[in-house]
J.: 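Pasting a structure here, questions to come.
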Protein chains: 2
Amino acid sequence: MKQLKYSRQRESIKACLMARHDHPTADTVYAAIREEFPSISLGTVYRNLNLLVELGEIQKLRCGDGADHFDADIRPHYHFMCRECGCIEDLPMEISPEINEQAQKYVHGKIDSHTTYFYGVCHSCLEKKTS
Amino acid sequence: MKQLKYSRQRESIKACLMARHDHPTADTVYAAIREEFPSISLGTVYRNLNLLVELGEIQKLRCGDGADHFDADIRPHYHFMCRECGCIEDLPMEISPEINEQAQKYVHGKIDSHTTYFYGVCHSCLEKKTS
DNA sequence: GATATAACTAATAATTATTACTATTATTAA
DNA sequence: TTAATAATAGTAATAATTATTAGTTATATC
């Protein structure tokens with residue numbers, strides 16, 4: 001059994017994620033952590049992010065832009081992604097388990113979860129267009 | 001204005017996608033097309049798949065496994081993905097536009113679409129487990 | 001408190017998925 | 001049939017991620 005050992009780098013990565021709400025990619029986290037740990041490597045960031053995901057302390061988002069995004073808010077919730085700038089917003093919207101049950105009727109396997117991403121244009125990109 | 005020219009390779013790629021319902025990745029399509037065009041290159045497959053997406057003749061799926069999958073069925077529909085084997089099934093389930101409207105209440109931007117992926121374990125993987 | 005050891009790190013190599021470039025070939029319009 | 005041009009094959013480049021490795025630290029045990 002692997003016993004987890006404390007690491008300041010991992011703490012810092014988690015703290016960074018908890019402090020911001022823009023669902024950064026590994027690369028963005030890397031850039032931020034480098035302020036505190038200039039010698040940290042991208043590999044360490046990836047390893048710890050994935051470790052934190054495994055521990056259930058953060059969650060990984062794949063919104064379709066190719067890169068993994070990370071979110072310190074592990075409560076299941078929906079996301080909205082802007083087609084123009086790629087920013088991601090949380091949707092404080094209730095997730096009903098009924099949807100899984102409904103979908104279950106159409107699948108031979110066993111559904112246990114679902115993810116939904118809403119797409120469109122965010123507030124600030126809409127403003128840019130009218131100006 | 002770029003004028004589209006016929007290409008047998010592109011036809012074959014489209015035909016291949018229409019014949020199968022397993023939502024293959026570019027690489028899988030490449031392997032299949034090589035039976036007919038042994039000298040086709042992976043770049044050609046990617047270019048034509050993306051071209052067909054632009055033309056609206058097929059759609060691209062990003063289910064969270066890192067690779068793009070392609071689907072000749074362009075009608076909006078939901079998908080189910082098996083966590084074990086990674087296979088993807090179509091859900092012949094109606095998509096209600098109400099969900100967008102509901103979510104719209106929580107977003108400052110303008111929502112125009114959403115995607116939902118259901119996750120779980122498929123029929124054949126369930127069977128493997130019990131045996 | 002010293003020390004062994006196992007998890008940690010940085011650095012880098014390898015992989016995977018995808019896109020870009022370029023010389024050649026195929027399609028189409030004149 | 002020819003000339004223009006888009007598409008191709010082949011290759012190189014890039015981006016995101018994972019794996020490897022050699023050296024460094026934290027922690028349990030002595």
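All figures in this text were calculated on a predicted structure; none of them were measured in a lab. Per chain, numbering begins at 1; letters A, B, ... match sequence-line order. Just so you know, these numbers use all the heavy atoms, side chains as well, and skip hydrogens, waters and symmetry mates.
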J.: Does a nitrogen or oxygen in the side chain of Asn50(A) sit under 4.0 Å from OP1 or OP2 of dT17(D)?
T.: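 For Asn50(A), the contact criterion (side-chain N or O under 4.0 Å from OP1 or OP2 of dT17(D)) is not met.
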
J.: Please report, rounded to the nearest Å, how far the C1' atom of dA19(D) is from the CG atom of Leu51(A).
T.: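 It is 16 Å, rounded to the nearest whole Å.
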
J.: Is there a side-chain contact between Arg10(B) and Lys14(B), using heavy atoms and a 4.5 Å cut-off?
T.: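 A side-chain contact under 4.5 Å is absent here.
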
J.: Tell me: CD1 of Ile40(A) to P of dT12(C), nearest whole Å?
T.: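 Rounded to whole Å, this separation is 16 Å.
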
J.: Counting just side-chain N and O atoms, does Gln3(B) come under 4.0 Å of either OP1 or OP2 of dA29(C)?
T.: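 For dA29(C), OP1/OP2 do have a side-chain N/O of Gln3(B) under 4.0 Å.
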
J.: If you assign Phe37(A) and Asp65(B) each to the DNA chain C nucleotide with the nearest heavy atom, which residue ends up on the more 5' nucleotide?
T.: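 The answer here is Phe37(A).
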
J.: Can you say whether the rings of Tyr78(B) and Phe118(B) are parallel (under 30°), tilted (30 to 60°) or perpendicular (over 60°)?
T.: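 Geometry flag for Phe118(B) against Tyr78(B): perpendicular rings.
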
J.: Between His23(B) and Asp90(B), do the side chains contain an N or O donor and an N or O acceptor separated by less than 3.5 Å?
T.: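 Side chains of His23(B) and Asp90(B): pair found under 3.5 Å.
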
J.: With a 4.0 Å limit, can you tell me whether Arg47(B) has a side-chain N or O closer than that to the phosphate oxygens OP1/OP2 of dT19(C)?
T.: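 So the side-chain polar atoms of Arg47(B) never come under 4.0 Å of the phosphate oxygens OP1 or OP2 of dT19(C).
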
J.: Can you tell me the distance, in whole Å, between the NZ atom of Lys5(B) and the C1' atom of dA6(D)?
T.: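 Going from Lys5(B) (NZ) to dA6(D) (C1'), I get 4 Å.
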
J.: Output the rounded distance in Å from CD1 (Ile33(A)) to C1' (dA10(C)).
T.: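 Going from Ile33(A) (CD1) to dA10(C) (C1'), I get 15 Å.
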
J.: What is the distance from CD of Glu54(A) to C1' of dT17(D), rounded to the nearest Å?
T.: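 Going from Glu54(A) (CD) to dT17(D) (C1'), I get 15 Å.
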
J.: Ignoring backbone atoms, test whether Gln9(A) places a side-chain nitrogen or oxygen under 4.0 Å from the OP1 or OP2 oxygen of dT25(D).
T.: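 Answer is no, no contact under 4.0 Å.
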
J.: Counting only side-chain N and O atoms of Thr44(B), is one of them less than 4.0 Å from OP1 or OP2 of dA9(D)?
T.: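 For dA9(D), OP1 or OP2 has a side-chain N or O of Thr44(B) closer than 4.0 Å.
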
J.: With a 4.0 Å limit, can you tell me whether Tyr6(A) has a side-chain N or O closer than that to the phosphate oxygens OP1/OP2 of dA26(D)?
T.: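 No, Tyr6(A) has no side-chain N/O under 4.0 Å of OP1/OP2 on dA26(D).
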
J.: Has Arg8(A) got a side-chain N or O lying under 4.0 Å from the OP1 or OP2 atom of dT25(D)?
T.: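 Negative; the distance criterion is not met.
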
J.: Rounded to the nearest angstrom, tell me the gap between atom OH in Tyr46(B) and atom P in dT8(D).
T.: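 For the pair Tyr46(B) OH and dT8(D) P, the rounded distance is 16 Å.
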
J.: Less than 4.0 angstrom between a side-chain N/O of Asn48(A) and OP1 or OP2 of dT9(C), yes or no?
T.: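 Result: yes.
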
J.: Report the nucleotide, chosen from dT17(D), dG10(D), dT18(C), that has the shortest atom-to-atom distance to any side-chain atom of Ser39(B).
T.: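 Of all the options, the side chain of Ser39(B) is nearest to dG10(D).
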
J.: Taking a hydrophobic cluster as the set of Ile, Leu, Val, Met, Phe, Trp and Tyr residues connected by side-chain heavy atoms closer than 4.5 Å, whether directly or through intermediates, do Phe70(A) and Phe80(A) fall within one such cluster?
T.: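 Different hydrophobic clusters.
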
J.: Between His108(B) and His123(A), is the gap from one ring center to the other below 6.0 Å?
T.: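 His108(B) vs His123(A): aromatic centres under 6.0 Å.
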
J.: Could you check how far CZ of Phe70(B) sits from P of dA17(C), rounded to whole Å?
T.: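 Answer to the nearest Å: 12 Å.
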
J.: Under 4.0 Å from OP1 or OP2 of dT8(D): is there any side-chain N or O of Ser7(B) that close?
T.: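 It does, given that an N or O in the side chain of Ser7(B) lies less than 4.0 Å from OP1 or OP2 of dT8(D).
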
J.: Scan Asp27(A) against the nucleic acid and name what it touches under 4.0 Å (heavy atoms): base, sugar-phosphate only, or nothing.
T.: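 The residue Asp27(A) makes no contact with any strand.
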
J.: In whole Å, what is the span from the CG atom of Leu42(A) to the P atom of dT20(D)?
T.: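 In whole Å, dT20(D) P lies 18 Å from Leu42(A) CG.
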
